[in-house]
Amino acid sequence: MTLSASSTVGEWLDHPVGGRILAGLLEQAGATADSLAPARALPLEQLVALSGGKFPAEMVGGLVAAYRAEVPEGSDGGSDDADVPAGPGPWAEQITAGRFAGQTVIVTGAASGIGRAVASRVAREGGRVVAVDLSKERLDEVTASLPGTQVIAVAGDITDADSVAEIVRAAGERVDALANVAGIMDDMSAVHELTDAVWERVMRVNVDGTMRLMRAVVPGMLAAKDGRIVNVASEASLRGSAAGAAYTASKHAVIGLTKSSAVMYAGTGVTINAVAPGGVATGIQPGQAEFGSARLARYMGNLPGVALAEHLAASITFLLSRDAVNLNGAILASDGGWSAV
């Protein structure tokens with residue numbers, strides 16, 4: 001096997017040459033290979049976004065250069081598994097052409113991470129996307145990256161009534177689906193070290209913003225007798241050991257809002273479901289409150305792996321599509337099995 005930046009962390013760790021080189025680098029940083037266990041399925045280059053600067057692109061380039069210096073082009077590096085049949089290879093998106101043709105889909109948090117992956121997939125599957133985020137500059141980058149698609153960028157704050165009204169105006173007469181992806185993390189603080197500022201900001205974005213977008217689009221969906229809403233919750237909506245008090249409370253509230261709305265609109269043609277991600281390589285780095293972070297660290301060993309934003313987009317776009325015809329009030333744990341532990 002020849003390694004590259006796109007090879008998975010697991011492939012590097014298991015390779016006789018690549019594993020030795022990577023282990024040496026980790027040792028210099030005071031870490032071990034076990035610290036990368038949750039990221040085994042990710043491409044090595046994805047660690048750049050995941051690490052928050054601790055694993056820069058230059059480090060990836062250095063690893064690849066060190067590997068190539070020892071392993072001639074085309075060599076397997078001394079691997080003894082040359083006769084073992086190749087596996088299925090890494091997961092890749094399978095675009096369903098036309099799945100969202102003729103549909104308008106609002107996606108919040110669309111400038112980065114999961115929101116960007118959802119907006120991109122819906123657009124490439126024929127949907128008209130209203131891409132919402134705070135940063136116009138980053139939204140323009142998203143639009144430029146999707147030539148030949150229908151992407152309308154709306155820079156605005158989902159907690160602000162005027163911004164929500166502008167989002168709905170940009171969508172036009174009909175909204176077929178809404179993906180409430182936008183959200184913010186807390187600082188892992190326990191309730192006794194939680195500040196009013198953190199609590200209010202997390203609740204305002206994660207709960208108030210989600211509710212405001214739902215409230216704005218549901219009347220049109222009821223009139224059309226058709227519509228699908230997907231709220232992004234979290235593994236922290238299913239347990240108390242995945243985040244701080246504010247974030248955990250906010251995502252439990254998102255689940256309550258999802259389930260209540262599913263009951264309220266059952267039989268109207270409008271469905272409301274949620275996706276609960278586990279670890280995702282988005283580059284978002286939570287704060288580190290002293291007491292809460294120390295308490296939560298003991299539970300993070302159960303994290304089975306870190307997903308790509310595109311993995312979550314596959315789950316979310318399924319629920320946004322009409323293939324989710326018989327799902328209402330469902331909480332899809334797209335977490336690699338973390339919630340089963």
Side-chain angles (χ1 to χ4, degrees), residues 4-8 11 41-46 48-50 86-133 138-154 170-172 174-182 226-232 271 273-283 305-327 330 332-336:
S4 68
S6 60
S7 299
T8 67
E11 288 171 339
L42 297 183
L44 182 70
E45 58 197 356
Q46 192 66 40
V48 175
L50 179 63
W91 175 87
E93 276 188 324
Q94 298 293 317
I95 297 300
T96 303
R99 182 162 61 150
F100 291 97
Q103 300 179 51
T104 295
V105 181
I106 296 174
V107 181
T108 69
S112 62
I114 297 171
R116 179 168 182 163
V118 171
S120 173
R121 181 143 185 181
V122 171
R124 286 177 290 136
E125 294 189 342
R128 177 175 174 264
V129 176
V130 179
V132 181
D133 213 300
R138 293 169 71 184
L139 284 173
D140 288 343
E141 292 176 6
V142 175
T143 303
S145 72
L146 295 166
T149 64
Q150 300 179 74
V151 179
I152 300 169
V154 179
R174 178 167 174 172
V175 175
D176 296 278
L178 163 66
N180 269 317
V181 184
D226 180 54
R228 295 160 305 284
I229 296 173
V230 179
N231 296 324
V232 173
T271 59
N273 297 290
V275 169
V280 184
T282 61
V306 178
L308 297 174
E310 290 78 9
H311 296 163
L312 270 298
S315 299
I316 294 166
T317 53
F318 164 68
L319 290 177
L320 289 172
S321 78
R322 292 196 168 103
D323 283 338
V325 59
N326 198 40
L327 294 175
L332 175 58
S334 185
D335 60 5

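As the structure is a prediction and not an experimental result, all values here were calculated from the model.
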*Asks:* Indicate the atoms forming the closest heavy-atom contact of T143 with A153, along with that distance.
*Replies:* OG1-CB, 4.0 Å
*Asks:* What residues, two or more places apart in sequence or in another chain, satisfy side-chain hydrogen bond (donor to acceptor under 3.5 Å, both in side chains) together with N231?
*Replies:* N180, T258
*Asks:* What is the distance from atom OG of S315 to atom CG of N273, rounded to the nearest 0.5 Å?
*Replies:* 12.0 Å
*Asks:* For S120 and L146, which heavy atoms make the closest approach, and how far apart are they?
*Replies:* OG-CD2, 3.5 Å
*Asks:* For R128 and A171, which heavy atoms make the closest approach, and how far apart are they?
*Replies:* NH1-O, 2.6 Å
*Asks:* Please enumerate all residues that pass salt bridge (Lys or Arg N to Asp or Glu O under 4.0 Å) together with R124, with sequence neighbours excluded.
*Replies:* E93
*Asks:* Which heavy atom of G278 sits nearest to which heavy atom of D335, and what is that distance?
*Replies:* N-CB, 3.5 Å
*Asks:* Check for a donor-acceptor pair, side chain of R228 on one end and backbone N or O of T271 on the other, with a separation under 3.5 Å.
*Replies:* no
*Asks:* Side-chain contact, heavy-atom cut-off 4.5 Å: D323 with T96?
*Replies:* no
*Asks:* Looking at every heavy atom in both A119 and V129, which two are closest together, and how far apart are they?
*Replies:* O-CG2, 3.7 Å
*Asks:* Please name the residue in the list V154, L178, V181 that meets the side-chain contact (heavy atoms from CB on, under 4.5 Å) test with I106.
*Replies:* L178
*Asks:* Shortest non-hydrogen contact from V105 to F100?
*Replies:* CG2-CD2, 4.1 Å
*Asks:* Give, for atom CZ of R99 and atom OG1 of T317, the distance between the pair rounded to the nearest 0.5 Å.
*Replies:* 4.0 Å
*Asks:* Under 3.5 Å, side chain of T108 to main-chain N/O of A182, donor-acceptor pair present?
*Replies:* yes
*Asks:* Could you measure the distance from the CG atom of L139 to the CZ atom of R116? Nearest 0.5 Å is fine.
*Replies:* 9.5 Å
*Asks:* So H311 and S334, do their side chains get closer than 4.5 Å, heavy atoms only?
*Replies:* no
*Asks:* What is the distance from atom CG of L332 to atom CG of L327, rounded to the nearest 0.5 Å?
*Replies:* 8.5 Å
*Asks:* In chain order, what residues pass the salt bridge (Lys or Arg N to Asp or Glu O under 4.0 Å) check against D176, with sequence neighbours excluded?
*Replies:* R174, R322
*Asks:* Check each of V122, V107, V232 against I316 using the side-chain contact (heavy atoms from CB on, under 4.5 Å) test, and report the only one that passes.
*Replies:* V232
*Asks:* Atom CD in E141, atom OG in S145: separation rounded to 0.5 Å?
*Replies:* 8.5 Å
